[in-house]
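Heads up, the thing below is written out as structure tokens.
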Amino acid sequence: MLQFRKMQSRKTGALKVTEGHQSPPMTMSSIKIECVLRENCHCGESPVWEEASNSLLFVDIPAKKVCRWNALSKQVQRVTLDAPVSSVALRQAGGYVATVGTKFCALNWEDESAVVLAAVDKDKKNNRFNDGKVDPAGRYFAGTMAEETAPAVLERHQGSLYALFADHHVEKYFDQVDISNGLDWSLDHKIFYYIDSLSYSVDAFDYDLQTGKISNRRSIYKMEKEEHIPDGMCIDTEGKLWVACYNGGRVIRLDPETGKRLQTVKLPVDKTTSCCFGGKDYSEMYVTCARDGLDPQGLLQQPEAGGIFKITGLGVKGLPPYPYAG
């Protein structure tokens with residue numbers, strides 16, 4: 001059993017609304033960017049919308065916390081685990097699954113228990129999981145990395161990409177990964193999109209939904225200098241990819257077929273880490289970010305760093321997250 005404790009809910013204070021930037025406009029709607037939760041995450045990550053509870057799940061990796069923010073009550077509940085928690089996902093059987101240290105775990109929110117389902121990278125004591133997401137068949141994909149000595153500073157090529165299948169067996173796809181990050185699947189489930197951050201590239205693989213096998217890796221987008229480091233990623237109902245740019249203070253919309261950037265949405269924080277769609281009809285985008293790595297001046301200039309942002313008026317919708325089948 002992993003030990004963890006639930007912290008008290010609290011209401012968030014006043015919200016500051018800032019207008020977003022739009023280039024080029026996709027629709028006539030105006031984009032609005034709002035910090036809905038001043039959470040002060042060291043490194044907020046893995047936003048996942050849970051329709052059943054009208055809540056946004058997310059993690060704060062170094063703080064070892066899984067958080068659940070209720071969009072109606074504005075209350076947030078926090079669960080503290082005993083190792084860095086890097087991603088969280090819904091579970092078909094109820095509760096959640098999460099990547100904790102180098103373990104895939106099942107979380108029961110109600111009775112505050114955590115059970116280890118599988119462990120990886122047992123020979124690499126300095127490794128931990130990073131981003132993870134469930135595929136359309138209910139497998140939980142997640143990759144590892146070496147623990148950082150500073151943000152994006154780490155021993156290279158120590159990570160691997162894994163998937164936890166419904167029967168709790170784990171398959172390893174490839175190694176030599178620097179920082180395993182954003183992942184998602186095409187609308188027809190035939191392409192797997194993946195980011196290894198320090199390659200500064202968004203990659204695609206052919207994907208076999210029946211077996212979970214991947215092949216034919218290729219780059220579909222190379223980051224521009226001002227976009228900095230590709231981090232978390234999600235797909236919209238038009239099959240376009242949204243990538244959070246760490247140190248770039250933005251999310252970008254990409255066409256994976258043409259390799260072109262379609263849109264840039266800038267946020268009032270630099271260290272944007274991940275994004276997902278949620279809210280009514282999945283028409284709102286939620287973006288996580290980090291405080292770690294900002295100097296005192298940066299924190300003064302970015303008081304909402306580490307908060308949760310909601311973007312409305314994008315004119316596109318996302319998909320509900322897939323639950324883990326095991």
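Small disclaimer: the values here were computed from a predicted structure and weren't measured.
One N or O on the side chain of Arg250 and one on the backbone of Gly248 form a donor-acceptor pair closer than 3.5 Å. At distances below 3.5 Å, at least one donor-acceptor pair connects side-chain atoms of Lys74 with backbone N or O atoms of Ala71. Looking at Thr144, its side chain does come within 3.5 Å of a backbone N or O of Ser160 through a donor-acceptor pair. No donor-acceptor pair under 3.5 Å is formed between the side chain of Asp196 and the backbone N or O of Ser199.
The hydrophobic clustering, which links ILVMFWY residues whose side-chain heavy atoms are closer than 4.5 Å, places Met223 and Trp242 apart. The hydrophobic clustering, which links ILVMFWY residues whose side-chain heavy atoms are closer than 4.5 Å, places Met145 and Val177 apart. Following chains of ILVMFWY side-chain contacts shorter than 4.5 Å, one can reach Val120 starting from Leu117, so the two form part of one hydrophobic cluster. Ile33 and Trp49 fall within a single hydrophobic cluster, where Ile, Leu, Val, Met, Phe, Trp and Tyr side chains are chained together by heavy-atom contacts under 4.5 Å. Tracing side-chain contacts under 4.5 Å through hydrophobic residues (I, L, V, M, F, W, Y), one reaches Leu209 starting from Leu183; they form part of the same cluster.
Counting heavy atoms from C-beta outward, Cys275 and Tyr286 have side chains that stay 4.5 Å or more apart. With contacts defined as side-chain heavy-atom distances shorter than 4.5 Å, the pair Asp231/Lys271 does not qualify. Side-chain atoms of Arg78 and Val66, non-hydrogen and from C-beta on, never get closer than 4.5 Å to each other. Inter-residue side-chain proximity for Val316 and Lys240 is flagged as unmet; no heavy-atom pair is nearer than 4.5 Å. Looking at Ile61 and Arg128, their side chains come closer than 4.5 Å, going by heavy atoms from C-beta outward.
Taking all atoms of both residues into account, the shortest heavy-atom contact from His168 to Tyr324 is CD2-OH, 3.1 Å. Looking at every heavy atom in both residues, Ser180 comes nearest to Gly143 through OG-CA, 3.1 Å. The minimum heavy-atom distance linking Ser274 with Ala244 is given by the pair N-CB, 3.4 Å. In terms of heavy atoms, Cys41 sits closest to Cys289 at CB-O, 4.1 Å. Across all their heavy atoms, Ala98 and Val85 have their closest contact at CB-CG2, 4.1 Å. The shortest heavy-atom contact between Ala290 and Tyr246 is CB-CE1, 4.4 Å.
Judged by distance alone, the side chains of Ser283 and Asp281 never bring a donor and an acceptor atom under 3.5 Å apart. At a cut-off of 3.5 Å, with distance as the only test, a side-chain donor of Trp109 or Gln77 sits close to an acceptor on the other residue. In summary, the side chains of Asn181 and Ser197 do present a donor paired with an acceptor at a separation below 3.5 Å, with no hydrogens or angles considered.
Annotation: Lys222, atom NZ; neighbour count of heavy atoms from other residues, nucleotides and ligands within 6.0 Å is above 12.
The line from CD1 of Ile308 to CG of Leu37 is 6.0 Å long, rounded to the nearest 0.5 Å. Taken from CG in Leu319 to OH in Tyr282, the straight-line distance is 9.0 Å, to the nearest 0.5 Å. A distance of 12.0 Å separates CH2 of Trp69 from CG of Leu57, quoted to the nearest 0.5 Å. Ile252 CD1 to Arg261 CZ: the interatomic distance, rounded to the nearest 0.5 Å, is 6.5 Å. Atom NZ of Lys64 sits about 9.5 Å away from atom CG of Leu81, to the nearest 0.5 Å. Going from atom CD1 of Ile191 over to atom CD1 of Ile220 covers 8.0 Å, rounded to the nearest 0.5 Å.
Shown here are the salt bridge (charged side-chain N to carboxylate O under 4.0 Å, His left out) partners of Asp184, two or more places apart in sequence or in another chain: Lys133. Residues that satisfy the ring-ring contact (aromatic ring centres under 6.0 Å, His included) test with Tyr193, not counting sequence neighbours, are absent from this structure. Every residue two or more places apart in sequence or in another chain that forms a side chain to side chain donor-acceptor pair (under 3.5 Å) with Tyr162 is listed here: Asp121. Residues satisfying the side chain to side chain donor-acceptor pair (under 3.5 Å) test with Glu171, not counting sequence neighbours, are His169.
For residues 288-300, the side chain to side chain donor-acceptor pair (under 3.5 Å) pairs, not counting sequence neighbours, are Asn40-Arg291, His42-Asp292, Thr273-Thr288. Pairs of residues two or more places apart, or lying in two chains, that qualify as side chain to side chain donor-acceptor pair (under 3.5 Å) and include a residue from residues 91-101 are Glu50-Tyr96, Arg68-Tyr96, Ser86-Thr99, Ser87-Thr99.
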Steps toward side-chain contact (heavy atoms from CB on, under 4.5 Å) verdict (Ile311, Ile31): CA-CA 7 Å; Ile311 306 176; Ile31 292 177; 3.6 Å; yes
Verdict with supporting geometry, Ser186 and Asp188, side chain to side chain donor-acceptor pair (under 3.5 Å): CA-CA 5 Å; Ser186 62; Asp188 64 6; 2.7 Å; yes
Chi angles and distances behind the side-chain contact (heavy atoms from CB on, under 4.5 Å) call for Asn126, Gln158: CA-CA 9 Å; Asn126 196 41; Gln158 297 303 300; over 6 Å; no
side-chain contact (heavy atoms from CB on, under 4.5 Å) between Phe58 and Ser46, intermediate numbers included: CA-CA 5 Å; Phe58 62 95; Ser46 186; 5.9 Å; no
Test side-chain contact (heavy atoms from CB on, under 4.5 Å) applied to Val153 and Glu148, step by step: CA-CA 5 Å; Val153 179; Glu148 296 164 302; 5.8 Å; no
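Ring centers of Phe192 and Phe141: under 6.0 Å apart, within the cut-off. Here Phe205 and Phe174 bring their ring centres to under 6.0 angstrom of each other. Aromatic rings from Tyr194 and Tyr173 are positioned such that their centres are separated by 6.0 Å or more.
Of the residues Phe129, Phe165, Tyr322, Phe104, the one that meets the ring pair (Phe, Tyr, Trp, His ring centres under 6.0 Å) test with Tyr140 is Phe104.
With respect to Arg253 and Asp236, a salt bridge is recorded, a charged nitrogen being found less than 4.0 Å from a carboxylate O. The residues Lys65 and Asp60 are annotated as not salt-bridged, no charged nitrogen and carboxylate oxygen being separated by less than 4.0 angstrom. Glu155 has no carboxylate O lying under 4.0 Å from a charged side-chain N of Lys124, or vice versa, which leaves the two without a salt bridge.
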